[in-house]
Amino acid sequence: MARNLVNIEEVSKAFDIRALLERVSLGVSEGDRIGIVGRNGSGKSTLMKIIAAVESPDAGRVTKANSVKIGLLSQVDKADPHSTVGDVVIGDRAKHEWASDSRIREVFTGLFGGFDDHLFERKFATLSGGEKRRVGLAKLLIDELDLILLDEPTNHLDVEGVAWLANHLNSRKNLAVLVITHDRWFLDAVTDRTWEVVEGKVEEYDGGYSAFVLAKAERARQASAMDARRNNLIRKELAWLRRGAPARTTKPKFRVDAANVLIAEEPAPRDQGELLKFARNRLGNTVYEAHHLQIRAGDKELIDDLYWNVGPGDRIGIVGINGSGKTTLMRTLAGELQPFAGKFTTGITVKAAFLTQHLDELNPTWRVLEAVEKVAAHIELGNGKSLSASQLCERLGFDKDSQWTPVGDLSGGEKRRLQLTRLLMDSPNVLLLDEPTNDFDIETLTELEDLLDSFGGTLIVISHDRYFLERVCDRFVGLLGDKSLRDLPRGVDQYLEQRTASIARPNPDAKTKSASSAAEQRQLKKDLARLERQIEKAKNRISELETLQSESAFDSEALLKVSEELESQRFELNTREEEWLEVTLQLEP
């Protein structure tokens with residue numbers, strides 16, 4: 001029988017006058033794998049912090065077994081900014097104590113590509129968001145813990161990193177894991193139970209995310225108590241699950257026959273023929289065509305001799321390693337960057353909208369609805385369908401009351417939703433989305449997916465959210481760091497297989513690298529130090545400009561000037577980080 005680790009009994013917690021948890025009783029045992037889902041602000045992180053004893057409940061009690069060791073990964077990675085990566089991850093351990101531990105070596109290899117003396121000597125404050133996330137994960141995974149609590153562990157991780165983390169957790173059978181994430185593929189891969197935090201209560205379900213969707217639909221069908229809109233979204237999820245990938249059919253623990261009946265009755269989530277016809281009417285036959293295209297970021301060549309044709313109605317997901325050029329390729333499609341060589345053609349009827357990772361700031365005094373209506377009052381979806389600005393806001397999580405919230409009072413995730421809403425209101429026929437799911441909860445993601453189902457134009461997406469990619473895209477291409485863009489008929493699975501194979505193959509540059517002179521290595525280290533100074537300088541300037549931007553909200557001329565410099569500094573930071581990655585790959589370990 002599995003050992004009980006933590007119990008919470010009759011726990012309640014409120015902030016101001018709003019109750020997040022009301023008389024909740026739950027238990028966690030050895031080896032449990034539990035996913036926690038719910039809307040942003042529903043109390044998921046609060047529940048996790050109470051279990052970790054970081055926060056105290058207003059009522060009720062939390063008990064844990066003797067000698068139970070618990071680790072918490074918060075949404076924000078924090079450490080002494082002057083500490084080195086080695087200090088944070090390894091602590092006081094002597095090298096001989098951990099270097100011989102195969103599990104620690106596996107963590108270093110999976111998260112950092114091996115033990116890198118230079119990386120472990122870097123100051124925590126100089127790390128990017130993705131690097132800080134990996135450092136936080138490494139610290140947890142090498143510790144001898146009984147229970148780890150992970151709050152958005154896949155943030156800043158690429159598809160490959162998410163897959164490694166899932167495999168690593170699955171290999172540690174006795175470790176209990178509680179995870180909050182909007183990455184539904186990760187939930188399916190890791191968890192076998194689900195807690196839904198809703199209206200102060202916690203509803204329990206067997207199985208991962210897919211089983212949760214099916215069970216929730218069955219409960220809704222039997223109770224007939226949910227509103228028509230939510231039922232429709234759940235049924236569209238069923239239509240997606242009907243496609244039956246093995247990972248979605250192995251974990252459900254309730255009546256399989258009943259689930260199969262529900263799925264079998266659902267139509268396909270998208271009418272492909274109708275969408276393609278509509279897209280041709282709007283776009284013609286040409287969207288993007290590339291011949292002998294060469295794309296660079298500064299002096300670094302990212303893609304060479306690219307032949308690629310993007311047609312009307314295509315729904316393409318782009319996957320690839322960090323620094324391989326995904327965002328640079330997207331910026332080239334959007335017309336923000338010019339290719340270094342080759343011929344690139346954009347269709348004459350193309351009207352593209354580009355959602356970047358760095359969102360433009362909005363006037364903080366605008367109301368949400370006002371910000372959207374400044375773009376348009378209505379959007380035409382085709383086939384006689386249209387949405388008002390207010391209706392589109394509701395589809396993306398802004399209810400009637402929150403539509404009158406000042407932009408300055410919105411959270412980061414809400415601002416991102418607002419930016420996406422404004423893009424869609426401009427009636428584009430091509431959507432270029434770079435990490436669109438950042439900071440979205442699962443319910444908002446299903447709303448976005450439902451909206452994209454009815455989008456009749458061309459869709460190109462970069463995302464580390466594998467479930468989202470597979471849900472909204474029909475074709476996949478990959479950048480593996482070899483300057484070529486590869487078609488992936490079998491999708492993300494094929495990409496991961498090719499990445500594993502490329503890592504296993506001997507590197508033809510290894511001999512050249514091993515024969516490089518000591519002088520070349522010294523120069524590379526100097527270049528690395530110079531780039532790190534430039535990166536730190538750019539980060540500091542961006543922070544200053546963001547403060548100035550807020551202070552200049554009512555001075556349009558000053559705001560424009562600051563915004564232009566801010567965009568320039570962000571581009572500079574991205575370029576220097578890509579150069580830093582290239583130099584680190586050339587350094588001898």
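Below, each value reflects all heavy atoms present in this structure, side chains not excepted, and no hydrogens, waters or symmetry copies.
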Quick one, L187 and I442 - any side-chain contact, counting heavy atoms below 4.5 Å? yes
d(L531 CG, E536 CD) to nearest 0.5 Å is 13.5 Å
What heavy-atom pair brings A138 and V107 nearest, and what distance separates the two atoms? CA-CG1, 3.9 Å
Checking side-chain hydrogen bond (donor to acceptor under 3.5 Å, both in side chains) for the pair T458/D314: CA distance, chi angles, key distance, verdict? CA-CA 5 Å; T458 295; D314 280 352; over 6 Å; no
Is there a side-chain contact between K351 and D426, using heavy atoms and a 4.5 Å cut-off? yes
With rounding to the nearest 0.5 Å, note down the distance linking CZ in R296 to CG in L337. 14.0 Å
Distance, nearest 0.5 Å, that separates OG1 of T327 from CG of L479: 10.0 Å
When you check the gap from the basic side-chain N to the acidic O, do D183 and R466 get nearer than 4.0 Å? no
Of all heavy-atom pairs linking K326 and I321, the shortest is NZ-O, 3.3 Å
Heavy-atom distance under 4.5 Å between the side chains of Q294 and D304, does that happen here? yes
Could you grab the distance from atom NE2 of H156 to atom CZ of R133, nearest 0.5 Å is fine? 7.0 Å
Would S463 and D465 count as a side-chain hydrogen bond (donor to acceptor under 3.5 Å, both in side chains) if you check the C-alpha gap in whole Å, the side-chain angles of each, and the deciding distance to 0.1 Å? CA-CA 5 Å; S463 179; D465 187 329; 5.2 Å; no
Nearest heavy-atom contact between T332 and P339 is CG2-CD, 4.1 Å
Any side-chain heavy atom of L469 sitting closer than 4.5 Å to one from V461? yes
In Å, rounded to the nearest 0.5 Å, how long is the span from CE of M330 to CD1 of I462? 3.5 Å
If we only count heavy atoms from C-beta on, is the D434 to F354 side-chain gap below 4.5 Å? yes
Determine the minimum heavy-atom distance between A297 and T328, stating which atoms define it. CB-OG1, 4.4 Å
Report the relative orientation of the aromatic rings in F112 and F108; use parallel for angles under 30°, tilted for 30 to 60°, perpendicular for over 60°. tilted
When rounded to the nearest 0.5 Å, the distance separating CG of L433 from CG of L355 is 6.0 Å
W164 and N167, any side-chain heavy atoms less than 4.5 Å apart: no
Residue F340 excluded, over 12 heavy atoms near CZ under 6.0 Å: no
Do we see a donor-acceptor contact under 3.5 Å between the side chains of D305 and H292? yes
Please lay out, stage by stage, how E152 and K44 fare under the test salt bridge (Lys or Arg N to Asp or Glu O under 4.0 Å). CA-CA 11 Å; E152 297 293 354; K44 303 187 298 296; over 6 Å; no
Taking R315 for the side chain and V472 for the main chain, is one N or O donor matched with an acceptor at less than 3.5 Å? yes
Checking K483 against L302 for the side chain to side chain contact (heavy atoms under 4.5 Å, CB included) test, could you report, in this order, the C-alpha distance in whole Å, the side-chain angles of both residues, the deciding distance, and whether it holds? CA-CA 5 Å; K483 303 179 185 179; L302 297 173; over 6 Å; no
Any heavy-atom pair between the side chains of F398 and L369 that's under 4.5 Å? no
Do V372 and L418 come close enough that some side-chain heavy atom pair is under 4.5 Å? yes
For S543, does its backbone N or O pair with a side-chain atom of T547 as donor and acceptor, under 3.5 Å? yes
Looking at N429 and T349, would you say the former's side chain and the latter's main chain have a donor-acceptor pair under 3.5 Å? yes
For S402, does its backbone N or O pair with a side-chain atom of T405 as donor and acceptor, under 3.5 Å? yes
Exactly one of Y307, F344, W308 should register a ring pair (Phe, Tyr, Trp, His ring centres under 6.0 Å) with Y288. Which one does? F344
Applying side chain to side chain contact (heavy atoms under 4.5 Å, CB included), run through V85 and E121 and close with a yes or a no. CA-CA 6 Å; V85 171; E121 290 169 1; over 6 Å; no
If only atom types and distance count, is the side chain of E394 paired as donor or acceptor with the main-chain N or O of Q391 below 3.5 Å? no
Using a 3.5 Å distance criterion without hydrogens, assess whether the side chain of K123 forms a donor-acceptor pair with backbone atoms of T84. no
Side chain T154, main chain L157, donor-acceptor under 3.5 Å: no
Apply side-chain hydrogen bond (donor to acceptor under 3.5 Å, both in side chains) to residues S74 and D151 and explain how you reach the verdict. CA-CA 5 Å; S74 299; D151 198 346; over 6 Å; no
Stepwise side chain to side chain contact (heavy atoms under 4.5 Å, CB included) check, V162 with D158: CA-CA 6 Å; V162 173; D158 56 19; over 6 Å; no
Which atom pair, heavy atoms only, marks the closest approach of S45 to Q75? OG-NE2, 3.4 Å
Under 3.5 Å, is there a donor-acceptor pair between the side chain of R134 and the main chain of L111? yes
Of all heavy-atom pairs linking P428 and F455, the shortest is O-CE1, 3.3 Å
Partner of L333 under side chain to side chain contact (heavy atoms under 4.5 Å, CB included), picked from I460, V350, V287, V430, is I460
For the residue pair T46 and E55, confirm or rule out a side-chain donor-acceptor distance under 3.5 Å. no
With a 3.5 Å distance limit and no angle check, can you tell me whether R122 reaches the backbone of T126 through a side-chain donor-acceptor pair? yes
Evaluate the side chain to side chain contact (heavy atoms under 4.5 Å, CB included) criterion for residues V179 and I148: first the C-alpha distance (whole Å), next the side-chain angles of each, then the deciding distance (0.1 Å), finally the verdict. CA-CA 8 Å; V179 57; I148 60 174; over 6 Å; no
